[in-house]
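Below you'll find the structure, written out as structure tokens, and then a few comments.
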Protein chains: 2
Amino acid sequence: MPTGRNQYHHGNLRAAILAEAQTMLSETGADGLSLREVARRTGVSHGAPRRHFPDRQALLSALVEQGYEQLGARIESALAGTGGDFTGRLTAFACAYVDFARHNDELMTLMLSSKTWPDAGHLIAANDRAFAPAVELLRQAAGSGDITPADTDTVHMAVLALLHGLAFVAGHGLAGTKPTSDLVAGAVGALVEGIRPR
Amino acid sequence: MPTGRNQYHHGNLRAAILAEAQTMLSETGADGLSLREVARRTGVSHGAPRRHFPDRQALLSALVEQGYEQLGARIESALAGTGGDFTGRLTAFACAYVDFARHNDELMTLMLSSKTWPDAGHLIAANDRAFAPAVELLRQAAGSGDITPADTDTVHMAVLALLHGLAFVAGHGLAGTKPTSDLVAGAVGALVEGIRPR
DNA sequence: TGCCAATGTAGCCACTGTCAACATCGCTGA
DNA sequence: TCAGCGATGTTGACAGTGGCTACATTGGCA
């Protein structure tokens, strides 16, 4: 167990690199994320990260996976703390998602762009895990008649597309200073009730 | 006017570089887009692009601006060729947008990520120009009672968020092989009519 | 026609990702 | 207890890249 500094073996270099990389990501974006700079900031030689991340892509993938875990935890706890009707639960989920995007815009951008990477399978699975509670929420709503069950796939697609769009808008500061809850409540309301006057 | 090859002055190097860069972008994505490789493919020395694009960022910005012009043209012609009711026009616009994203995924990704760039002002203006016809469509609909005028900003946000989300999903191949028109019609229908049974 | 600004070339530097050879450490089994 | 071995970190090298400066070539204009 390492207690002092300046020792040959770091102790938990993988975690340290990942943490430093996430900080750098939020500061400079993925483009400015250099393996050598991460190593320097971690106080380790430029070749050290290679033992834990064979190449730059592996580090980015690890960041994305970590991001999905963090997002999944937020979604789960948001839904766990909310009982009640479908709209309320959908709004709670949406708030968690949009809020995460708003506070982790560069990480979110990386997570989204990862869907076309070579090892995407692994990461898409992480995505699915994170969104599982939300998918379950929609499934239940379709079963209980809270949403029109006509074409469940279409409704799922519309809900997720709307939330992704909101998260994007919010993450890029295009929603002004409007609180997340207002932003989400308005958009979710529009989708649930429709934008055509009843 | 250049007629032969191997001449010192290219004639229209800026346009040639831009075209080659857009091709490379669609092949390898923005990360793999190297100034020197673009120069090689264009048959010119590695320093030549500098006269037209001071740095790599300038080339990417030019690509994004070109992209917004292409997208704007598609949207405009889609709306020009469609008369009739609001839902039909909204669907036509959405189809043009989603279809563009589907066929230019890497370019679209670049266009979206550009909103946080240093010279974003310029590019956001290009974005606004491209989407002006759609914004006008929504404004008219609010005026004529086709959509609930309660909170126009909220409705605009919801519509654009939904479409952006759809475009993203479609651009990343997450919508399977479903035709764009079906995808869009379903989602637009869900938003216009609401997902709660009436 | 001679000159000049625009355009393209060539070479340099710092930085990066990747690799291979080597150093150091901690753990394990005899 | 301790030799040795696998895991972990270091060092040096290489090619590719973006950006810069000095120089070459060209076409158009006074």
inquiry  = Can you tell me if H46(A) touches the phosphate of dT18(C), counting only side-chain N or O atoms and a distance under 4.0 Å to OP1 or OP2?
reply    = no
query = Would one find more than 12 heavy atoms of other residues, nucleotides or ligands at under 6.0 Å from atom CZ of R56(B)?
reply = yes
request  = Counting heavy atoms from C-beta on, name the nucleotide in dT18(C), dG8(C), dG9(D) closest to the side chain of S45(B).
outcome  = dG8(C)
query = For the pair made of CG in L13(A) and C1' in dG9(D), what is the distance, rounded to whole Å?
reply = 8 Å
query = Which residues, if any, of residues 29-44 of chain A bring a heavy atom under 4.0 Å of DNA chain D?
reply = R36(A), V44(A)
task = Specify the separation, in whole Å, of atom CG of N12(A) and atom C1' of dG9(D).
result = 15 Å
note = Those residues at least two apart in sequence (or on a different chain) that pass side-chain hydrogen bond (donor to acceptor under 3.5 Å, both in side chains) with D31(B) are none
ask   = By ring pair (Phe, Tyr, Trp, His ring centres under 6.0 Å), which residues pair with F131(B), not counting sequence neighbours?
value = Y97(B)
request  = Let me know the distance between NE2 of H52(A) and P of dG6(D), rounded to the nearest Å.
outcome  = 18 Å
task = Mind calculating the distance between CZ (R14(B)) and P (dT7(C)) to the nearest angstrom?
result = 11 Å
key: Non-neighbouring partners of E106(B) that pass side-chain hydrogen bond (donor to acceptor under 3.5 Å, both in side chains), sequence neighbours left out   = none
ask   = Can you check the R56(B) CZ to dA14(C) C1' distance for me, whole Å?
value = 17 Å
Tabulate below the donor-acceptor pairs under 3.5 Å that side-chain atoms of residues 32-43 of chain A make, not counting sequence neighbours, or state none.
| from | atom 1 | to | atom 2 | distance (Å) |
| --- | --- | --- | --- | --- |
| S34(A) | OG | R36(A) | N | 3.2 |
| S34(A) | OG | E37(A) | N | 3.0 |
| E37(A) | OE1 | R40(A) | NE | 3.1 |
| E37(A) | OE1 | R40(A) | NH2 | 3.0 |
| R41(A) | NH1 | E27(A) | OE1 | 3.3 |
| R41(A) | NH2 | E27(A) | OE1 | 2.9 |
| T42(A) | OG1 | V38(A) | O | 2.6 |

ask   = Given atom CG of L60(A) and atom C1' of dG17(C), what is their separation to the nearest angstrom?
value = 12 Å
Distance-only donor-acceptor hits, side chain of residues 172-186 of chain B, under 3.5 Å, sequence neighbours excluded:
| from | atom 1 | to | atom 2 | distance (Å) |
| --- | --- | --- | --- | --- |
| H172(B) | ND1 | F168(B) | O | 3.1 |
| T180(B) | OG1 | D99(B) | OD1 | 3.1 |
| T180(B) | OG1 | R102(B) | NH1 | 2.8 |

request  = Specify the separation, in whole Å, of atom CZ of R51(A) and atom P of dA20(C).
outcome  = 11 Å
